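Presented below is the structure to which this report refers.
Computed from a predicted model, the values in this text were never measured in an experiment. All heavy atoms count here, side chains included; hydrogens, waters and symmetry mates do not.
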Amino acid sequence: MGSRFQVLKLTDAAAERVREIVGNSAKPVLGLRVGIKKGGCAGMEYDMSLVEEAKPGDDVIDDKGVKIFIEPSAALFLLGTEMDHEVTKFRSGFVFRNPNEVSACGCGESVSLKEADAEAFAAQG
């Protein structure tokens, strides 16, 4: 396979928040794992956890001084996604701007996703 493209991009705010989370962990961690799990009223939810050890098949994104580990089963659902961190009057948290999102529930906690066309994405950039 030729050069790989980055599945997920981080904003500066997201990278800063990941740095804070990793730095404040009680145990030594490598970074943050991002995946997709079934749940919520729209069918899928973004799933995040601290990574103590890389798993075989993880796609590792080393960007802006932090490491994001993408679960293999989530890669095609996350392709082209921008991960941001927002603080508003009512909430603070990670936000995913995902071109594969078909719909989202009213509370924004769950989404409906389609798999990306990896070949079309590679041809774009």
**OP:** Using the test side chain to side chain donor-acceptor pair (under 3.5 Å), find all partners of Thr11 that sit at least two apart in sequence or belong to another chain.
**Re:** Asp84
Subject >> Heavy-atom side-chain contact between Met83 and Phe94 under 4.5 Å >> reply: yes
Subject >> Partner set under side chain to side chain donor-acceptor pair (under 3.5 Å) for Lys27, not counting sequence neighbours >> reply: Glu52
Subject >> Sequence neighbours excluded, every pair satisfying salt bridge (charged side-chain N to carboxylate O under 4.0 Å, His left out) that has a member inside residues 65-77 >> reply: Asp62-Lys67
Original post:
Who else is in Phe90's hydrophobic cluster (ILVMFWY, side-chain heavy atoms under 4.5 Å, direct or via others)?
Top reply: none
Original post:
Got a sec, which residues hit side-chain contact (heavy atoms from CB on, under 4.5 Å) with Val51, two or more places apart in sequence or on another chain?
Top reply: Leu30, Arg33, Phe69
**OP:** Could you tell me whether the side chain of Leu8 reaches within less than 4.5 Å of the side chain of Ile70, counting heavy atoms only?
**Re:** yes
Original post:
Shortest non-hydrogen contact from Pro99 to Gly80?
Top reply: CD-O, 3.4 Å
Original post:
Can you tell if the side chain of Asp58 reaches within under 4.5 Å of the side chain of Pro72, non-hydrogen atoms only?
Top reply: yes
Original post:
Any chain of hydrophobic side-chain contacts (each under 4.5 Å) joining Leu32 to Val60?
Top reply: no
Subject >> In one Ile/Leu/Val/Met/Phe/Trp/Tyr side-chain cluster, 4.5 Å: Val34, Val22 >> reply: yes
Original post:
Are Lys64 and Lys9 side-chain neighbours, meaning at least one heavy-atom pair lies under 4.5 Å?
Top reply: no
**OP:** Check whether Val95 and Tyr46 end up in the same hydrophobic cluster, where Ile, Leu, Val, Met, Phe, Trp and Tyr are linked by side-chain heavy atoms less than 4.5 Å apart.
**Re:** no
Original post:
Are Thr81 and Val7 side-chain neighbours, meaning at least one heavy-atom pair lies under 4.5 Å?
Top reply: no
Original post:
Taking Thr88 for the side chain and Arg91 for the main chain, is one N or O donor matched with an acceptor at less than 3.5 Å?
Top reply: yes
**OP:** Indicate yes or no: at least one non-hydrogen side-chain atom of Asn100 is less than 4.5 angstrom from one of Phe77.
**Re:** no
Original post:
Does a side-chain heavy-atom distance below 4.5 Å link His85 with Asp12?
Top reply: no
Original post:
Only one of Ile61, Asp63, Leu78 forms a side-chain contact (heavy atoms from CB on, under 4.5 Å) with Ile68, so which one is it?
Top reply: Ile61
